[in-house]
Engineer: 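Got a structure for you, written out below as structure tokens; questions coming shortly.
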Amino acid sequence: MGASCDWSRERFTMDEGLSEAVRKVFVQLYEEGLIYRGSYIINWCPRCHTALADLEVEHEELDGNLYHIRYPFPDGSGGIVVATTRPETMLGDTAVAVNPDDERYQNIGTDQVLLPLVNKFIPIIKDKYVDAAFGTGALKVTPAHDPNDFEIAERHNLPSVKVIGNDGKMTSEAGEFEGLDRFECRKAVVAALKKEGFLEKIDPYRHSVGHCYRCKTIVEPNLSRQWFVKVKPLAEKAIVAVKNGKTRIIPEMWNNTYFDWMNNIKDWCISRQIWWGHQIPAWTCTACQTVTAAMETPEKCPHCGENELVQETDVLDTWFSSALWPFSTMGWPDDTKLLNLFYPTSVLVTGFDILFFWVARMMMMGIHFMGNVPFRDVYVHALVRDEEGKKMSKSKGNVIDPLNIIEKYGTDAFRFTLAAFAAQGRDIKMSEKRVEGYRHFVNKLWNAARFSLMHLDEGYAKIASDNLSLPDRWILSRLKRLTDNVSETLDSYRFNDTAAALYKFVWHEFCDWYLEAVKPILYGKKGEESRKATQSVLWHVLRNTIILLHPFMPFVTEEIWHKMPGTEGSIMVAAFPSDDFCDPKIVLDPKAESEMELIMEIITGFRNIRGEMNIAPSLALAASVQSQDEKTRATIQQNSDLITTLAGLKAFSVEQPGERPKAVATAVINGATIFASLEGIIDFTKETERLDREIKKLTSEISGVLKKLNNDDFLNKAPEEVVLKVREKYESLVEKQQKLELNLEKIKEIEA
RNA sequence: GGGCGGGUAGCUCAGUUGGGAGAGCAUCGGCCUUACAAGCCGAGGGUCACAGGUUCAAGCCCUGUUCCGCCUACCA
């Protein structure tokens, strides 16, 4: 929002400087023992031919089967039944595990079973990991193709047999099944087991299956040699930084997600077997097998002195270099001015789906290498979903192309819609109807500006101090409130509140009331002095309004800015209206607000009567207002022209309460009763119905208020100002009701 | 399995120290009023998912139930 990007600083992680940062980080972490290489079970994508970090695996629930396979005892009898969703992996089994407390397997007289098809003996081991309540309580152990089995195998020193190769095809260890694709092999193994009588049964079974986040291929847990970052020590500091508020996550609800992931973090597999990326700066000496990590290619092996060094061919996970972004982009590892000026950065804006991939890792690396957090605030924005609330994805085909929306409704309308939708902590269900609504708003602003500019032929350095009309003083006060509101809601990332405030001000205050109210003045009907005064107000209000709107509607506001007299340069660099820049006349003016409120209520009262009595707007009415209060009468009198114009009256008088005029429709507002003369056109039945409706409404409101006032507990325990407020409300409601009832009686008299 | 968010007007959603239920769109009635018919004026419409509890007072706080969505997890 409102950011002005310096595109000359655009960077790419493969740039020279950033590559140096990557090397530096790798070497340092390696020397600190936080990067290591080893043979572990990792997620492998057989299509991309590369290792994947845990994060890069997407799990999805799929319908599968649970195959129950009997592993006979050495003498060929009975045996132990195991259950698996992946029967092809049995070829790589090196044990069967049971829970040590499981009585079923206490005295079975053997510690081995025969692995069918492979025809070799494998041990029965006891491990607490096994859940005795699941299936038969016996678990087949395939260390090379299952992460849990791998851990069990480590505990029991079991060998690993890799039966599925990196290409997803069966290896020579799979014997007769060699060369088969892993899924073809599943069918073949099942058929063979069935034929030889080892398949007990097949149950349908729904379970979650990991897929490669790039190509959606089913991931194969695979044993291979990879590079890892020991993240635990890094994560601990990143947790503390959020706990003690050095970095704030907004909205706060994401804290839990962040902590949860950080607390359960596992080592990060950073090596990738793809052709692009930062090549790992590590060399293996073919003579002594020692590994050396270095910034520059070593001349010879620092251990044995031979120059038979071979660089690691693997490259680094792209997120490894991305994690350095907040400081690598500003010249690190050099100590630059940029770093000193801008690190830590003020705010990172991002989607929740990137919280782990990127934010968490930037936190860890920033704290470790810069000694400080990379950003003060992390604003997690909403995700735009489709109309049914589903996450957009190319494979689902439910992607809404922003360019299409922009083509149809315009950039400003689209942008404003997104802001208006961006309530904290909630995702956005994209609705074209909403965009259309805000396009109308853009249009409204444009027309309002067009009208304003018709009446502005110069810039006004200052707002006139004399001759201001009530609407002038009112709109200035409203502008002040708006300005404060916009500043506050932007500071607290409540963009939807900002959008709503701007919308309401522009449409329902500036356009609906102010512009209509000052038209006579602008047309010169109140003299040149008044016209000048109002023009100065109009100029400032329009100017400040479009500046406030600019971050939300950059194009229209820029266009208006250039058409406006007395502006310079681009609105992009105009000072944002705040206390410092405001004209001293732009202040809160509660008196003007309450006076204008009174006038608006009177006008609405007349319009209401007109609407409900079906009186054509072209028919001007004679009308009057009665009020007990002298000040009220004075205010109304001073603004009688305004009322006459906006309510469509031909005659208007202000009086003390007295005789009720004949043949009138009535409405009661705070402190005053208004009468619209309907001589000759009044429909008494209609008017009676109208008043009845109003009285009924008041009756129910009064009963609600009365409930409180009759409650001693409320009177005693509620704060004084609340009680006072309720009392005042009660009094004004009763007054209104009494006046309406009086009028109703009069009508009934006339009718009779 | 764990965690998070949600259920408010016909639809999409606001509602931040608990004290007057709101907006946009849609609906109904009336208007070409000299910026705007992409508009103007007016109207109708809600036991705030359900059941309890705290409180003088609950859409908002607590407990439970239910439905929906998302994230996360090593139950074969």
Side-chain angles (χ1 to χ4, degrees), chain A residues 54 59 66-67 82-86 89 97 129-131 133-142 146-151 205 207-208 221 251 253-254 256-257 259-261 264 352-353 355-356 383 385 387-391 417 420-421 423-431 433-434 436-455 492 494 496-497 500 503-504 508 511-512 515-516 519 523 604 607-618 645-648 693 701 704-705 707-708 711-719 721-723 725-726 729:
Chain A
D54 295 341
H59 292 274
L66 199 54
Y67 300 86
V82 297
T84 180
T85 54
R86 306 189 56 207
T89 62
Y129 169 77
V130 182
D131 179 3
F134 188 90
T136 59
L139 171 71
K140 62 188 272 309
V141 181
T142 322
D146 183 285
N148 298 311
D149 294 4
F150 178 79
E151 282 176 25
Y205 191 69
H207 61 126
S208 99
M253 67 178 196
W254 292 108
N256 279 340
T257 309
F259 291 140
D260 191 56
W261 190 71
N264 299 311
F352 78 89
D353 49 347
L355 204 57
F356 306 139
L383 209 67
R385 298 174 182 277
E387 235 148 335
E388 280 153 21
K390 299 229 165 65
K391 200 168 161 177
T417 307
F421 263 127
Q424 269 186 27
R426 293 193 62 152
D427 281 340
I428 295 171
K429 272 195 263 179
M430 199 57 214
S431 148
K433 271 278 166 216
R434 259 323 254 278
E436 195 181 349
Y438 288 119
R439 181 180 63 169
H440 295 171
F441 178 55
V442 178
N443 195 244
K444 185 74 179 177
L445 175 72
W446 175 251
N447 280 312
R450 213 158 51 90
F451 172 77
S452 302
L453 294 175
M454 279 166 48
H455 297 278
S492 48
R494 282 148 50 208
N496 61 318
D497 288 336
Y503 185 99
K504 192 176 174 213
H508 298 301
C511 291
D512 285 354
L515 289 183
E516 294 303 328
K519 268 179 185 175
Y523 283 116
T604 303
R607 286 172 173 175
N608 188 310
I609 290 171
R610 212 184 260 287
E612 294 192 14
M613 303 294 280
N614 278 335
I615 297 161
S618 49
T645 311
L646 294 184
R693 257 203 320 271
E701 270 194 79
V705 174
K707 229 187 193 164
K708 290 186 178 179
N711 183 344
D712 284 341
D713 282 329
F714 172 72
L715 299 176
N716 295 330
K717 294 180 181 172
E721 70 261 27
V722 173
V723 176
K725 226 170 147 184
V726 173
K729 171 142 195 186

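In what follows, chains carry the letters A, B, and so on, assigned in the order in which the sequence lines appear, proteins first and then strands, with residues in each chain numbered from 1. Reckoned from all heavy atoms, side chains included, excluding hydrogens, waters and symmetry mates.
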Engineer: Could I get the full list of ring pair (Phe, Tyr, Trp, His ring centres under 6.0 Å) partners for A:F150, not counting sequence neighbours?
Structural biologist: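 For A:F150, no residue satisfies ring pair (Phe, Tyr, Trp, His ring centres under 6.0 Å) once neighbours in sequence are set aside.
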Engineer: So which atom in A:R434 and which in A:F421 form the shortest heavy-atom distance, rounded to 0.1 Å?
Structural biologist: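 In this case the closest contact between A:R434 and A:F421 is CG-CZ, 3.2 Å.
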Engineer: With distance as the sole test, does A:N264 use its side chain to make a donor-acceptor pair with the main-chain N or O of A:D260 at under 3.5 Å?
Structural biologist: yes
Engineer: Report the distance from atom CH2 of A:W446 to atom P of B:A37, rounded to the nearest whole Å.
Structural biologist: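 Value for this atom pair: 15 Å.
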Engineer: Only counting residues at least two apart or in another chain, list the ones meeting ring pair (Phe, Tyr, Trp, His ring centres under 6.0 Å) with A:W446.
Structural biologist: none
Engineer: A:I609 and side-chain contact (heavy atoms from CB on, under 4.5 Å): which single residue from A:E612, A:R607, A:M613 fits?
Structural biologist: A:M613
Engineer: Donor-acceptor check, side chain of A:R86 to backbone of A:D146, threshold 3.5 angstrom: yes or no?
Structural biologist: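 Not a single qualifying donor-acceptor pair exists.
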Engineer: Over how many whole Å does the gap from A:E612 atom CD to B:A43 atom P extend?
Structural biologist: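 So the two atoms are 6 Å apart, to the nearest Å.
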Engineer: Take atom P in B:G7 and the same atom in B:G15, then report the distance between them in whole Å.
Structural biologist: 10 Å
Engineer: If we take the C1' atom in both B:U8 and B:A49, what is their distance in whole Å?
Structural biologist: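 One C1' to the other, the span is 10 Å.
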Engineer: In whole angstrom, give me the gap between the C1' atoms of B:A38 and B:C70.
Structural biologist: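 To the nearest whole Å, 37 Å.
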Engineer: Could you measure between the two C1' atoms, the one in B:G18 and the one in B:C61, and give it in whole Å?
Structural biologist: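 That atom pair is separated by 8 Å.
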Engineer: How do A:R439 and A:F352 order along RNA chain B: which one's closest nucleotide is nearer the 5' end?
Structural biologist: A:R439
Engineer: Distance check needed: B:G3 C1' versus A:W254 CH2, whole Å only.
Structural biologist: 11 Å
Engineer: Which heavy-atom pair separates A:L715 from A:V723 by the least distance, and what is that distance?
Structural biologist: CD2-CG1, 3.8 Å
Engineer: Taking the P atom in each of B:C41 and B:G59, what is the distance between them to the nearest angstrom?
Structural biologist: 33 Å
Engineer: In whole Å, I'd like the distance from the CG atom of A:L355 to the P atom of B:C71.
Structural biologist: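 Rounded to the whole Å, the gap is 13 Å.
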Engineer: Could you tell me how far B:G53 sits from B:A14 if I compare only their C1' atoms? Round to whole Å.
Structural biologist: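 B:A14 and B:G53 have their C1' atoms separated by 28 Å.
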Engineer: I want to check a possible cation-pi pair here: A:K707 against A:F714, using under 6.0 Å from ring centre and within 45° of the ring axis as the test.
Structural biologist: no
Engineer: Tell me, please, which residues at least two apart from A:Y438 pass ring pair (Phe, Tyr, Trp, His ring centres under 6.0 Å).
Structural biologist: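 For A:Y438, the residues satisfying ring pair (Phe, Tyr, Trp, His ring centres under 6.0 Å) (neighbours in sequence not counted) are A:F416, A:Y503.
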Engineer: Please state the P separation for the pair B:C67 and B:C50 - nearest whole angstrom.
Structural biologist: 16 Å
Engineer: Roughly how many Å is it from CG in A:N716 to P in B:C56, rounded to a whole number?
Structural biologist: 11 Å
Engineer: Check whether any side-chain N or O of A:N608 sits under 4.0 Å from OP1 or OP2 of B:A43, and answer yes or no.
Structural biologist: yes
Engineer: Starting at the 5' end of RNA chain B, write a dot or bracket for each base, bracketing those in Watson-Crick or G-U wobble pairs whose two distances are under 3.5 Å and using | for partners on another strand.
Structural biologist: ((((((((.[[[[.)...(..]]]].(((((.......))))).....[[[[[..)....]]]]])))))))....
Engineer: Report the distance from atom CZ of A:F714 to atom P of B:A57, rounded to the nearest whole Å.
Structural biologist: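 Atom CZ in A:F714 sits about 11 Å away from atom P in B:A57.
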Engineer: I need the CZ-P distance between A:R610 and B:C41, as an integer number of Å.
Structural biologist: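 Interatomic distance, CZ of A:R610 to P of B:C41: 13 Å.
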Engineer: Report all interatomic pairs (protein N or O, nucleotide N or O of nucleotides 72-76 of chain B) with separations under 3.5 Å.
Structural biologist:
residue: B:C74; atom: O2'; partner: A:N148; partner atom: ND2; Å: 2.7
residue: B:C74; atom: N1; partner: A:N148; partner atom: OD1; Å: 3.4
residue: B:C74; atom: O2; partner: A:Y129; partner atom: OH; Å: 3.4
residue: B:C74; atom: O2; partner: A:N148; partner atom: OD1; Å: 3.1
residue: B:C75; atom: O2; partner: A:D131; partner atom: OD2; Å: 3.1
residue: B:A76; atom: OP2; partner: A:Y205; partner atom: OH; Å: 2.6
residue: B:A76; atom: O2'; partner: A:A83; partner atom: O; Å: 2.8
residue: B:A76; atom: N6; partner: A:D131; partner atom: O; Å: 2.5
residue: B:A76; atom: N6; partner: A:F134; partner atom: O; Å: 3.1
residue: B:A76; atom: N1; partner: A:D131; partner atom: N; Å: 3.2

Engineer: Round to the nearest Å and state the distance from A:L383 atom CG to B:C70 atom P.
Structural biologist: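 Atom CG in A:L383 sits about 11 Å away from atom P in B:C70.
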Engineer: How about A:M253 and A:F352: do any of their side-chain heavy atoms sit closer than 4.5 Å?
Structural biologist: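 Heavy-atom side-chain distance check fails, nothing below 4.5 Å.
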Engineer: Using a 3.5 Å distance criterion without hydrogens, assess whether the side chain of A:N447 forms a donor-acceptor pair with backbone atoms of A:N443.
Structural biologist: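 Such a contact is found between A:N447 side chain and A:N443 backbone.
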Engineer: Would you mind building the protein contact string for nucleotides 20-35 of chain B? One character per nucleotide, 5' to 3', B for base within reach (heavy atoms under 4.0 Å), S for sugar-phosphate only, - for untouched.
Structural biologist: S---SS---S-S---B
Engineer: For B:C62 and B:A21, measure between their C1' atoms and round to the nearest Å.
Structural biologist: 23 Å
Engineer: Determine, step by step, whether A:L66 and A:H207 satisfy the side chain to side chain contact (heavy atoms under 4.5 Å, CB included) criterion, reporting the C-alpha distance in whole Å, the side-chain angles of both residues, the deciding distance to 0.1 Å, and the verdict.
Structural biologist: CA-CA 10 Å; A:L66 199 54; A:H207 61 126; over 6 Å; no
Engineer: Kindly compute the distance separating CG (A:D54) from CZ (A:F356), expressed to the nearest 0.5 Å.
Structural biologist: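 Answer for the CG-CZ pair, A:D54 versus A:F356, is 12.5 Å.
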